[in-house]
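What follows is a short report on a single structure.
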Amino acid sequence: MPSSLKNYAAFRAALDGAILKTAGIAGEYPDDRAIASILGQMQQLKDWTENETVPTQGQKDALNFGALASRNLDDIDGDLVQSICEVASYVIYWPES
């Protein structure tokens, strides 16, 4: 399902917020590899999409942070999972310019 994020600015704000919140959770669970992977993938996505650059299909295919968040963060912060899934959906259905 396409994201409710309507443009790159909204995507970037949601991504930055998700990174910040996930970093805090990663600090609380330093040995959780799934949380570390979610955070790392979102940080990589931030780099890939700098200046509104559309990620390549190969880059998109390498990401699974939305699914990981659904499985591993829902009991910790359901609102964060929803935000992460919106970001993931935006990437899958990246709007045409």
Side-chain angles (χ1 to χ4, degrees):
M1 168 185 288
S3 177
S4 66
L5 302 173
K6 298 300 180 197
N7 55 44
Y8 177 79
F11 159 76
R12 195 53 181 243
L15 177 60
D16 288 344
I19 288 171
L20 185 63
K21 287 184 83 174
T22 305
I25 292 170
E28 295 175 35
Y29 300 91
D31 297 328
D32 191 311
R33 292 176 53 187
I35 295 172
S37 179
I38 295 163
L39 179 59
Q41 288 182 51
M42 290 191 300
Q43 289 169 330
Q44 185 66 61
L45 178 61
K46 182 175 179 173
D47 291 343
W48 289 339
T49 60
E50 197 69 39
N51 300 316
E52 298 187 48
T53 302
V54 179
T56 66
Q57 189 60 51
Q59 290 169 329
K60 290 178 183 183
D61 291 345
L63 299 172
N64 68 345
F65 65 93
L68 282 175
S70 292
R71 286 192 300 264
N72 295 281
L73 292 177
D74 199 44
D75 291 341
I76 298 170
D77 189 333
D79 290 338
L80 174 59
V81 171
Q82 184 174 358
S83 180
I84 288 172
C85 288
E86 286 291 333
V87 168
S89 180
Y90 187 91
V91 173
I92 293 167
Y93 298 99
W94 195 280
E96 298 290 324
S97 298

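Quantities reported herein were computed from a predicted structural model and do not represent experimental measurements.
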| Honestly curious: do Y29 and I38 fall in one hydrophobic cluster under the side-chain, below-4.5 Å linking rule? | yes

| task | Using modelled atom types only, decide if a donor and an acceptor are shared between the side chain of N51 and the backbone of T53 within a distance under 3.5 Å. | result | no

| note | OG of S89 to CZ of F11, rounded to nearest 0.5 Å, is 11.0 Å

| query | Quick one: CD on Q41 to CD on Q59, what's the gap to the nearest 0.5 Å? | reply | 12.5 Å

| message | Once you measure the plane-to-plane angle for W94 and Y8, does it fall in the parallel (<30°), tilted (30-60°) or perpendicular (>60°) bin? | response | tilted

| query | Do you know which two heavy atoms are closest between L5 and S3, and how far apart they sit? | reply | N-OG, 3.0 Å

| Would you find more than 12 non-hydrogen atoms of other residues, nucleotides or ligands less than 6.0 Å from Q82 atom CD? | no

| Heavy-atom pair with the smallest gap, counting every atom of P55 and V91 | CG-CG1, 4.0 Å

| task | For A18 and I84, work out which heavy atoms get closest and say how close. | result | CB-CG1, 3.9 Å

| request: Take I25 and L80, measure what side-chain contact (heavy atoms from CB on, under 4.5 Å) needs, and give me the verdict at the end. | output: CA-CA 10 Å; I25 292 170; L80 174 59; 3.5 Å; yes

| Point-to-point distance, once rounded to the nearest 0.5 Å, from NZ of K60 to CD1 of I92 | 8.5 Å

| request: Check the pair W48 / L63 against side-chain contact (heavy atoms from CB on, under 4.5 Å), numbers first and verdict last. | output: CA-CA 12 Å; W48 289 339; L63 299 172; 3.8 Å; yes

| remark: By side-chain contact (heavy atoms from CB on, under 4.5 Å), A23 pairs with (sequence neighbours left out) L39

| Residue that, paired with I76, satisfies side chain to side chain contact (heavy atoms under 4.5 Å, CB included) out of D32, I35, T22, V81 | I35

| Have D47 and Q43 got a donor and an acceptor in their side chains that come within less than 3.5 Å? | no

| field | Point-to-point distance, once rounded to the nearest 0.5 Å, from NZ of K46 to CG of D16 | value | 4.0 Å

| Between the main-chain N or O of A67 and the side-chain N or O of N64, is there a donor-acceptor pair closer than 3.5 Å? | no

| request: Compare every heavy atom of S83 with every heavy atom of A14, then report the nearest pair and how far apart it is. | output: O-OG, 4.0 Å

| request: Considering non-hydrogen atoms only, spot the tightest contact between L68 and A34 and give its length. | output: CD1-O, 4.4 Å

| Smallest separation among heavy atoms of T49 and L15, with atom names | OG1-CD2, 4.4 Å

